[in-house]
Every structure is written in structure tokens, then in C-alpha cells.
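Read through the structure below, which is laid out as C-alpha cells, and then see the notes.
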Amino acid sequence: MYRTHTCGELRKSDVGQTVTLAGWVDTYRDHGGGLFVDLRDRYGKTQLVFSSDSGAETQQLSRGIRNEDVLQVVGKVEPRPDGTVNPKLNTGEVEIKVEKLTILNKCKTPPFFPTQMELPGEDLRLKHRYLDLRRQQMQQTLLLRSRIIKQMRDYFDQHGFIDVETPILGRSTPEGARDYLVPSRVHHGEFYALPQSPQLYKQILMMAGYDRYVQVARCFRDEDLRADRQPEFTQLDMEMAFCEMEDIIGIIDGLVQKVAKDVLDIDVTGPLPRMTYDEAMERFGHDAPDLRFGLEIVDATDLAAEAEFRVFRAVADAGNRVRGICAKGAADKYSRRLIDDMTSMVQDDFGAKGLAWFKVEADGTLNSPIAKNFTPELLAKFKERFAAEPGDLILIVADKFEVTCKALYGLRKKLGAELKLYDPEAMHFSWIVEFPMFDYDAEEERWVAMHHPFTAPRPQDVELLDSDPGKCRALAYDLVINGSEAGGGTIRIHDNATQQKVFGLLGMTAEDAQERFGFLLDALQYGAPPHGGIALGIDRWVMLFGHLENIRDCIAFPKTQRAADLMTDAPSTVDRKQLEELAIKVLRLDEVKK
RNA sequence: GGGGCCGUAGCUCAAUUGGUUAGAGUACCGGACUGUCGAUCCGGUGGUUGCGGGUUCGAUCCCCGUCGGCCUCGCCA
């Protein structure tokens, strides 16, 4: 037996026992005659004491102990002498007088120590992930992740959901994200695709009568990475038959309450607040607004239309929008220089033509390079519209609606963080509903599904599919936590005719649709029940519930921004023989580009 | 594909306007020390300044390219 106890469990009540512990050397303090070692495992730390009492042989062996060595010790639990209790440790009232030491494994001097104060560079952490995962912070996060997933599994189990696994090797579907492809050895020139989500399989399960399905599903999307995006990620995927949007939302409201209570001890009152997509875009410029703070977007297009200022007038006259935000008390926090930086941001990142600004002076006048273009009366109206007071900073973007949304969303996010408009520990949960069915892709001159092509239109909007698809709203709902999309779902189309019509609107011919999704169209004709579901982004839940800034910290073995695993060095080239079996020839770069 | 930041000892960082021998803390090695808990004290080893090229009398510093990491726009139904 390697150990009788973990390094986190011994207390004063255990004094007198002879115990065996095993773990890593967290730190050691060598006093010559006596040596203290904090032995660590994922449960905690326990202080070991080596002295002449340990015997000459053991004491001699103990002198070679270094950080991160793996030890096993046998010894007696003793109370610490008066004045040497360590209140920082749960085990701080006791120590082990070591009688026998076994060095199970030495540790080479590592590139970094899991215990060091300054975090090493992320590339180093990823390369030596086994060391990084020893860090307490990482262990806490993976524990949190495990706990959230268990809560989810328990919850859905209690509500009668069946866990069904769906294939990892599937069929490529050109809609949506880029697929990860897997070549077939048996069928030369043909490929499987890794699932972007189990979407179609779970719909088929509904048609098969498994009316409550759940799965912790790995999903793959070959797109560029971000701080909150990995090429493979995990979803809590669920689907229900004979359900309406309210049923799904109700179930998830309950889950949110349960997880919030369990992991953060927060009482979330249900039902969670809802906002329509249009309202979210109008008030916050984004479909996943951070509702922990105000700083809402204010429309001033009508006022702009009265202005002498040609830039505003032209935008208003062209049917575009003049909108802005008013940051309370921010005028003296943002110098000309910082405002210039924000101007560059809205121009370079969001395609805005510029950023207009006003600072409200102590006497109430508006200070701005463009103020001279406005009558005092109009300036007063702007001030009133933005409810601006002395010391406030008004930022205005005049552009197409979409551009004002993006730019003001970006500014709001930046100002919210910089001005500390919210408590970083706060949690805000809400639903965004009534999404449009389609977005118009000007480049490809066609409609694209906003959610996915299996989303059902609202019953009252069905006829808009023919007359005005852009106005058609979907039975879609996104769960938003602190300005992050934490989940999204829809009620699905469950009849063949509507599904065919939507495919048609997306520019697919009947033949295309049959080739790509024939199995779905077939299944829809063999007794498909009404159904719908949702998928929750588990990695993001961990990020949000753990107040972490980065999705890589929520995943045991994540990929870098270039989608590489620095520990295993994946992806890698493969043997010529492997390629030959697959009938694959790798082209040179110049051969690809032509 | 575009924009930005970063890369100096094993690690975290510093190095004046481009200036001559590239420093500190820590780790590591050796020594001292029986109540420490970020132990302390003394001594020591350790550098292709990511890589390649250029400008210059002289480059960690400026320029170009490249590799790697991060942030971001596009992209992500």
C-alpha cells in the first residue's frame, strides 16, 4: 500500500497514529540538523520532519530531497510544538516525524516549478503540461469542470434524459464551419468529417422516439482560434421531442440555478430574464450583451438630421444611424490621445468612418472639435438625449446600423472594463430570443442561416419565408452569461416541406439538399415528432463560473492559437507508408496556391 | 488572410539616446545552521539577447525576413 492517508486529511485527532503518505515535494527547508518538507498531493500539503530521531540512514537520504521529487514516508503524526502551528494549512496543527523515507522518483530540475509565484510563459506551460497541471489553480479549475459536468449529468438524469453517444466519424456538410476531415483508407479519395456538433444525430434520435436525449459531446470546428475558442470543445448537448421553446428554456433555467448554487453558492431567481434580438442590438449592439452594467446605446439619428454638421446629416439622410454611449464621469479619464486610440479601434476593427465625442464641462457646455457645427439648442438636445452631466464623456458613431452596433459594442465592452462598471465576480444570466432566421451574405448574394438550417421559423412568421425572409424570426434562443454566449438552441423544423423550403432559400437545389441531407429529409417523412433542443458550451461555463480569462485554462490539454499541441507536437507529418495506404499525396505550397 | 504586442541566464524580469565587462531575484551546485513554513547566511556555476540578414566604428536596442507565443479583425451555421 502506497499510502494510508492523503496529504490533506491529517488533523490533531490523528495524533499518535503511524501513517504512510506519498506525494510530491512542494518545498523543503533544510536547517542542517533538521529538515522540513511540505509533501503535496491534490488534496493538500502535510509537513514532514526529518531529524536525528529519524535515524542516521533516513536523515542522510533526506538531505538529497529536492522540489518535485516523489516521496513515500512512514512516520508518526505528532502535534506541532507551541508557536509553530501553520494556520495556512488545513493540516497545519500536525506534522509527521518521519521514520522511513522512500524516494519513489527523483525530479530533474524542471523548466519551471508548479509552486512558483510568477506564472511562466504560456508556451512553456503547454509544453510541460504535466507540470502546469500540478499547479493548484489548474487543479481547482479541472475540479470545477468535473463538478459542473457532474451537476449537468445528474440534473438531466433526474429529468429523464438518456445519454446516447453519436459518431465522431461522420459526413462532411459544407454549411457552417470548416470541417476537420479524416481520410478513409477503405474508400480512397473519400473523407469523414469530425462533427461540428451532434445536431443531426440528435434530431434523428427524436424521430426514433428517444424523446429526451443528452450527451457531453466533443465538437470540432476548423476555424481560427480566440481567447474563448478552441478547435475542439465540449458541449452539453440535449434534445427533446414534443416540446416548445418554453420547455427547453424552463429546463435550462433550472440547470443554471442548480449549478450556480452548487459551485458558487449563488441563488439565481427564475425564470431568467429575456430580451429579443432586436432589443439587444438596439440597446447594446450585440446579440450577447453583458448585462452586468448599463452604458446603453442611445439613438440620436433624429437630432443628427437637424444638425449643420454634414457628416451627421448625410448619415441620417441616407437612412443610417447616429448612435452613441454616455460614460458617466469619464471625461477626465480619457485624454485626447486615448480617444484617438478608440477612434482607431472603431475604424480599424469595426469599419466605422470615425468617432465623434463630447466632453461635458463643469459649466455644462459640450467640449468637442465638432461642437462649432452645432447650434447651442441642438447641443442641449444631445445632452438631454444622452442624460449627460458635467464630467461625462459622450461617444458617437454615425454609420450603417450594423457598423454602429459593432463599434459601440466594442466601445461599451472596453469602457465597461476600464471604468470598472461591474463587479468581476458578479454573474448575470439571460436569454436572447426571436433571432432572425437568416442573414444576407452580400458577397455570395444569398441568405445564410443565422443559427443552422434546421431552425424552425416562428409559426406567425412562416409566410415571411416566401414574402420577406429577412424579416422572418426563428424559434431560437441563446443563453447569455456575462456577455458571453454560453449556449444556444432552437426548435427544429419537423416537416419535410418547410425543411426543403429553407434549404431552397439557402441556395441549395433540391438535388443538393437530397445529396447532403437526404437522410434527414427522408426521416422527416417517417413520423418525425416536433422537437427542439440546446447545446451549452461547457468550456465557457467553466470559464465563466471560474472567472477565468482564457479557455485554455479550462481544458487539460488545449491547443495554441495556431491549433498546435505543444506537448505532443501535434499536428505532425506522417510516414509515407501511411499516406500511401490512404492514397494521399501532399502538395507543395506553390502547387496549392495556383 | 489583415492589424497589434511579446521573445535577454532553467524561470520571472532589468539593461539611460545605439556605447565598450548584459545585471537582479529565484532555481541549480558547494558550504553553515535543530523549529522552519516564500527559512536564513556565505560562496559558486550559468548568456548564440529565438533564428537569418542588413544599417553602423559599435546592435539586446534601428530596419527587413523568418520561427514561436498571445490579443484582435475577418472567420466561427
Side-chain angles (χ1 to χ4, degrees), chain A residues 26-39 45-54 59 63 66-68 78 80-89 91-92 95 97 107-128 131 173-179 196-197 199-200 219-231 233 341 344-351 406-407 410 413-414 435 437-439 441 443 447-455 474 476 485 488 490 502 506 535 537 549-550 552 559-562 564 566 593:
Chain A
D26 196 66
T27 51
Y28 65 96
R29 297 170 289 282
D30 190 348
H31 289 250
L35 169 66
F36 301 95
V37 172
D38 287 346
L39 196 67
K45 295 183 217 173
T46 301
Q47 175 162 284
L48 313 178
V49 184
F50 295 88
S51 67
S52 49
D53 298 343
S54 304
Q59 195 177 14
R63 295 192 63 226
R66 293 295 178 272
N67 291 343
E68 301 306 316
E78 296 203 348
R80 292 203 191 186
D82 287 344
T84 65
V85 166
N86 185 349
K88 290 186 201 162
L89 297 183
T91 62
E95 61 192 12
K97 295 278 190 196
C107 180
K108 284 183 13 178
T109 301
F112 64 92
F113 291 93
T115 49
Q116 73 186 52
M117 304 294 278
E118 312 94 339
L119 204 57
E122 194 165 359
D123 43 353
L124 207 64
R125 292 175 53 204
L126 292 173
K127 180 167 183 190
H128 304 277
L131 295 176
T173 54
E175 284 280 325
R178 190 178 295 112
D179 284 320
Q196 295 178 27
S197 80
Q199 183 60 35
L200 291 168
C219 306
F220 305 86
R221 295 177 191 176
D222 187 2
E223 297 291 348
D224 286 350
L225 285 76
R226 283 285 189 286
D228 63 351
R229 248 161 48 192
Q230 281 275 301
F233 57 100
D341 289 347
S344 308
M345 181 182 88
V346 299
Q347 289 174 329
D348 300 344
D349 288 355
F350 305 116
K406 283 187 178 180
K413 198 166 159 179
K414 179 181 162 70
F435 282 79
M437 282 283 284
F438 308 104
D439 241 352
D441 184 331
E443 235 170 72
W447 295 104
V448 292
M450 192 135 179
H451 219 97
H452 57 54
F454 319 107
T455 301
E485 183 192 330
T490 64
V502 169
L506 297 175
E549 286 172 11
N550 170 331
R552 293 180 297 280
K559 308 262 189 297
T560 67
Q561 190 163 47
R562 297 188 65 247
L566 297 183
K593 284 196 168 166

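In what follows, every chain begins at residue 1, and chains take the letters A, B, ... in the order their sequences are listed. Since this is a predicted model, take the numbers as computed values, not measurements.
- Spacing between B:G10 and B:C29 at atom P, rounded to whole Å, works out to 15 Å.
- In this structure, A:Asp348 atom CG and B:G74 atom P are separated by 13 Å, rounded to whole Å.
- A distance of about 15 Å separates the P atoms of B:U60 and B:G54, rounded to the whole Å.
- Evaluation of atom-type donor-acceptor distances gives no pair under 3.5 Å for the side chain of A:Arg552 against the base of B:G69.
- Heavy atoms of A:Leu566 sit under 4.0 angstrom from primed sugar atoms or phosphate atoms, though from no base atom.
- In this structure, the separation between CZ on A:Phe233 and CZ on A:Arg221 is 3.5 Å, given to the nearest 0.5 Å.
- Scanning for side chain to side chain contact (heavy atoms under 4.5 Å, CB included) contacts around A:Asp441 gives A:Glu443, A:Glu444, A:Val448, with sequence neighbours left out.
- Under the salt bridge (Lys or Arg N to Asp or Glu O under 4.0 Å) criterion, A:Lys559 pairs with A:Glu232, sequence neighbours left out.
- At a threshold of 4.0 angstrom between heavy atoms, the contacts of A:Phe454 with the nucleic acid are absent.
- Nucleotide B:C76 is matched to nothing when pairs are restricted to Watson-Crick or G-U wobble geometry with both distances under 3.5 angstrom.
- Of all nucleotides listed (B:C11, B:C75, B:C71), B:C71 comes nearest to the side chain of A:Ala227.
- Of the residues near RNA chain B, A:Gly176 and A:Lys406, the one whose nearest nucleotide (by heavy atom distance) lies more toward the 5' end is A:Lys406.
- Comparing the C1' positions of B:A24 and B:U8 gives an interatomic distance of 13 Å, to the nearest angstrom.
- Note that CG of A:Leu39 and CG of A:Asp26 are 9.0 Å apart. Values are rounded to the nearest 0.5 Å.
- Using a 4.0 Å heavy-atom criterion, one finds that A:Pro453 contacts the bases of the nucleic acid, with or without backbone contacts as well.
- Nucleic acid contact class of A:Arg178 (heavy atoms, under 4.0 Å, all strands): none.
- Distance CG (A:Asn67) to C1' (B:A27): 9 Å, rounded to an integer number of Å.
- Atom CD in A:Gln347 sits roughly 17 Å away from atom P in B:G3 (whole-Å rounding).
- With hydrogens and angles left out, the side chain of A:Arg221 and the base of B:C76 share no donor-acceptor pair within 3.5 Å.
- For the P atoms, the distance linking B:C70 with B:U36 amounts to 44 Å, nearest Å.
- The side-chain heavy atoms of A:Asp123 and A:Thr560, taken from C-beta on, include no pair separated by under 4.5 Å.
- For the atom pair A:Met437 CE and A:Thr455 OG1, the distance stands at 6.0 Å (nearest 0.5 Å).
- Atom name C1', nucleotides B:C13 and B:C73: the rounded distance is 32 Å, in whole Å.
- Distance, A:Lys559 NZ to B:G69 P: 13 Å, rounded to whole Å.
- Annotation: salt bridge (Lys or Arg N to Asp or Glu O under 4.0 Å) contacts of A:Glu68 (sequence neighbours excluded): A:Arg40, A:Arg134.
- Ring geometry for A:Phe438 versus A:Trp447: interplanar angle of 30 to 60°, hence tilted.
- The P atoms of B:G50 and B:U12 are separated by 13 Å, rounded to the nearest whole Å.
- Using a 4.0 Å cut-off, no side-chain N or O of A:Arg226 falls inside it from OP1 or OP2 of B:C75.
- Across all strands shown, B:U16 forms no Watson-Crick or G-U wobble pair with both distances under 3.5 Å.
- Straight-line distance between the P atoms of B:C61 and B:G53: roughly 14 Å, to the nearest whole Å.
- The nearest whole Å value for the distance from the CG atom in A:Asp439 to the C1' atom in B:C76 is 13 Å.
- Across the strands present, B:G44 finds its partner in B:C28; the criterion is a Watson-Crick or G-U wobble pair with both atom distances under 3.5 angstrom.
- Close to B:G69, at under 4.0 Å from its OP1 or OP2, lies a side-chain N or O of A:Thr560.
- Annotation: salt bridge (Lys or Arg N to Asp or Glu O under 4.0 Å) contacts of A:Arg29 (sequence neighbours excluded): A:Asp38.
- Straight-line distance between the C1' atoms of B:C62 and B:U56: roughly 10 Å, to the nearest whole Å.
- With a cut-off of 3.5 Å on both pairing distances, B:A39 has no Watson-Crick or G-U wobble partner at all.
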Legend entry - Contact pattern, 5' to 3', of nucleotides 32-43 of chain B - B, S or - by protein heavy atom under 4.0 Å: -BBBBBBB----
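- Closest to the side chain of A:Pro120, out of B:G1, B:C76, B:C11, is B:C11.
- Rounded to a whole Å, the CD atom of A:Gln116 is 10 Å from the P atom of B:C11.
- With hydrogens and angles ignored, no donor-acceptor pair under 3.5 angstrom links the side chain of A:Arg125 to the base of B:C11.
- Taking only side-chain nitrogens and oxygens, A:Arg562 comes nearer than 4.0 Å to OP1 or OP2 of B:G68.
- The salt bridge (Lys or Arg N to Asp or Glu O under 4.0 Å) test applied to A:Glu175 returns A:Arg446, not counting sequence neighbours.
- Between the P atom of B:C76 and the CD atom of A:Gln561 lies a distance of 17 Å, rounded to the nearest Å.
- Contact annotation for A:Leu119: backbone-only contact, meaning every heavy-atom pair under 4.0 Å involves sugar-phosphate atoms and none involves a base.
- As rounded to whole Å, 14 Å separates atom P of B:C29 from atom NZ of A:Lys108.
- Residue side chain A:Asp123 does not reach the base of B:G7 through any donor-acceptor N/O pair under 3.5 Å, judged by distance alone.
- Within the nucleic acid shown, A:Leu124 comes within 4.0 Å of sugar-phosphate atoms alone, with no base atom in reach, counting heavy atoms only.
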